[in-house]
K.L.:
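Quick one: this structure, given as structure tokens, is what I'll be asking you about.
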There are 2 protein chains.
Amino acid sequence: MTSAKSSGPGAPKVRLSRDIVLEKALQLVDSEGLDALTMRRLGQQLGRDPMSLYRYAENRAALLDGVSELVLNQLKVHPEDPDWKAQLREIAHDLRTLALRHPNVVPLLVTRPLSTPLGLRPLGTLRPLEQILSLLVAAGFEPADALHVYRAYYGFLYGHILNELQEYVVDPEENEALLRLGLHRLPAREFPRLRALGPALSDYDGAAELDQGLTILLSGLEAQLSRQVARRGA
Amino acid sequence: MTSAKSSGPGAPKVRLSRDIVLEKALQLVDSEGLDALTMRRLGQQLGRDPMSLYRYAENRAALLDGVSELVLNQLKVHPEDPDWKAQLREIAHDLRTLALRHPNVVPLLVTRPLSTPLGLRPLGTLRPLEQILSLLVAAGFEPADALHVYRAYYGFLYGHILNELQEYVVDPEENEALLRLGLHRLPAREFPRLRALGPALSDYDGAAELDQGLTILLSGLEAQLSRQVARRGA
DNA sequence: GGGTAAAGTCTACACCGTAGACAGGCGGTG
DNA sequence: CACCGCCTGTCTACGGTGTAGACTTTACCC
């Protein structure tokens with residue numbers, strides 16, 4: 001147990017590495033939020049000069065990309081699963097729990113790709129896409145159709161995650177209080193429905209809600225698939 | 001044409017107002033991106049000292065909220081439409097075009113609510129929610145069910161918008177070039193599907209894709225509705 | 001041991017959000 | 001008219017940010 005801790009001046013010996021840097025960056029984001037991830041702050045956590053970080057990431061944006069990648073790498077996809085619907089369901093739930101475990105990273109997941117053309121993104125963030133395409137093609141979709149299915153699926157999934165995180169507050173008791181407090185602030189005349197939904201808003205089963213949506217979506221997509229197979233056969 | 005333009009020192013006379021400030025802020029974001037919206041930059045655009053902005057927004061975050069609200073206020077919902085599915089479809093397409101018109105604002109739309117409890121958000125951003133709830137209740141959903149439907153719908157919608165914006169590049173010619181360039185960069189062994197999809201990726205009809213997804217989702221939701229009505233009747 | 005490339009540090013710059021004290025002009029009231 | 005008070009806008013200043021560029025130190029190979 002002599003490893004270099006955050007601020008102990010005793011042992012600044014271990015050589016840094018990209019993985020060490022990104023790991024600490026993720027810890028920092030998880031515990032204090034995205035804004036806390038500054039070069040100076042991170043350098044301090046690592047017991048190093050802030051400028052040393054630039055050996056492992058070109059700039060702060062690249063660091064953020066690295067953190068996204070680190071999280072997304074934890075998502076395991078099994079492209080050879082014969083039951084593609086079950087597999088998609090499983091992936092969805094995995095990504096959801098991943099998002100709940102790293103809520104502060106979600107804005108990155110959702111925002112960074114908007115400013116990076118597909119081909120230039122970190123490979124780790126593209127891997128799930130590739131693997132899901134494989135899964136769908138193995139299930140009988142034409143590649144182009146697989147892309148459409150992927151888009152519908154991933155769109156829905158990210159949408160759900162954003163939705164759920166919007167309503168998520170750490171302490172459920174404070175949640176209720178805050179919620180009522182907030183709702184009470186709304187003009188009664190203009191927001192009757194919302195105000196009335198206070199109780200319904202506060203007990204939210206994200207996993208169930210995700211699963212219902214998936215059922216609707218996947219059965220719809222399956223219908224589409226069988227239609228296409230039929231047409232191809234004719 | 002003697003109105004005060006951006007940098008003319010001639011006529012710094014017009015009194016500022018929250019609307020004027022937010023409008024210029026939106027212009028700045030649209031033309032130069034979110035990062036360009038700094039207090040100093042915006043002050044300069046308005047020919048005023050940066051500090052004057054604090055009379056119209058508590059801080060930069062509040063300014064960002066104001067910009068979100070300004071955009072979302074352009075979304076018109078008709079809660080009394082008897083055809084709820086058609087109305088939801090229309091809203092979806094409206095929001096999509098709004099997003100394409102202000103792509104730089106989308107990260108705000110998607111990100112700001114994550115750090116603001118529902119009750120404390122700008123009223124303008126809550127109005128669509130309230131109105132869609134009305135629409136659904138009028139269509140026969142129980143309030144609590146209306147909330148579920150809303151979540152599935154809005155989740156899907158935001159997901160689609162994020163998806164589409166990720167693949168959107170301004171100049172379609174450069175798009176193709178960039179895309180191929182980017183794809184070429186991917187290791188062939190690990191990303192065969194993705195590399196093969198180059199052409200399919202570059203012609204993307206967002207509106208059609210959105211519409212297909214909506215068809216699937218809405219028919220699924222409708223089935224749910226009739227099931228519930230039946231059960232209630234029994 | 002000597003040389004070399006990498007890892008880490010230092011200094012400096014331009015820019016950021018914003019607290020707090022202040023100035024100017026406008027309105028309403030006498 | 002003079003006066004007062006409030007609202008708008010300005011000024012100065014502080015502590016924080018990302019990062020360029022030159023430097024020093026370290027680790028390793030021959």
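Sequence lines set the chain letters: A, B, ... in the order given, protein chains first and strands last, and positions in each chain run from 1.
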K.L.:
What integer distance in Å separates L64(B):CG from dC16(C):C1'?
P.N.:
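Those two atoms, CG and C1', are 14 Å apart.
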
K.L.:
Without decimals, in angstroms, what is the distance between D49(A) CG and dT19(D) C1'?
P.N.:
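About 12 Å, once rounded to whole Å.
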
K.L.:
Specify the separation, in whole Å, of atom CG of L16(B) and atom P of dT8(D).
P.N.:
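Rounding to the nearest Å, CG of L16(B) and P of dT8(D) are 10 Å apart.
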
K.L.:
Tell me whether R151(A) forms a cation-pi arrangement with Y204(B), defined as NZ or CZ under 6.0 Å from the six-membered ring centre and within 45 degrees of its axis.
P.N.:
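That pair qualifies as a cation-pi contact.
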
K.L.:
Do the charged groups of R112(B) and D65(B) touch, with an N to O distance under 4.0 Å?
P.N.:
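Salt bridge flag = yes for D65(B) with R112(B).
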
K.L.:
If you only use heavy atoms from C-beta on, which nucleotide in dG8(C), dT18(C), dC10(C) is closest to the side chain of M51(A)?
P.N.:
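Among the listed nucleotides, the one closest to the side chain of M51(A) is dC10(C).
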
K.L.:
Between dG18(D) and R40(A), counting only base atoms on the nucleotide and side-chain atoms on the residue, is there a donor-acceptor pair under 3.5 Å?
P.N.:
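Answer is yes: a donor-acceptor pair is held.
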
K.L.:
Answer yes or no on whether R193(B) is positioned over the face of Y150(A), meaning its NZ or CZ is under 6.0 Å from the six-membered ring centre and within 45° of the axis.
P.N.:
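No, a cation-pi geometry is absent between R193(B) and Y150(A).
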
K.L.:
Remember a base hit wins even if backbone is also touched, and classify R60(A) as base, sugar-phosphate or nothing at under 4.0 Å, heavy atoms.
P.N.:
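Since only primed, P, OP1 and OP2 atoms lie under 4.0 Å of R60(A), the category is sugar-phosphate.
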
K.L.:
Please determine, for the side chain of S52(A), which listed nucleotide (dG17(C), dC11(D), dG8(C)) has the closest atom?
P.N.:
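My answer, after comparing the listed nucleotides, is dG8(C).
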
K.L.:
What is the distance, rounded to the nearest whole Å, between atom CZ of R41(A) and atom C1' of dT19(D)?
P.N.:
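Atom CZ in R41(A) sits about 19 Å away from atom C1' in dT19(D).
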
K.L.:
Taking only N and O in the side chain of Y54(B), is any of them less than 4.0 Å away from OP1 or OP2 of dT10(D)?
P.N.:
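No, Y54(B) has no side-chain N/O under 4.0 Å of OP1/OP2 on dT10(D).
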
K.L.:
Could you state the CZ-P distance from R48(A) to dT9(C), rounded to the nearest angstrom?
P.N.:
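Interatomic distance, CZ of R48(A) to P of dT9(C): 6 Å.
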
K.L.:
In whole angstrom, what separates L46(A)'s CG from dA7(C)'s P?
P.N.:
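Rounding to the nearest Å, CG of L46(A) and P of dA7(C) are 15 Å apart.
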
K.L.:
Give the nucleotide from the list dT9(C), dT10(D), dG18(D) with an atom nearest to the side chain of T38(A).
P.N.:
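Nucleotide nearest to T38(A)'s side chain: dG18(D).
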
K.L.:
Taking 4.0 angstrom as the limit, do R121(B) and E69(B) come out as a salt bridge?
P.N.:
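Salt bridge absent between R121(B) and E69(B).
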
K.L.:
Whole Å only: how far is the CZ atom of R15(A) from the C1' atom of dC28(D)?
P.N.:
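One finds 9 Å between C1' of dC28(D) and CZ of R15(A), rounded.
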
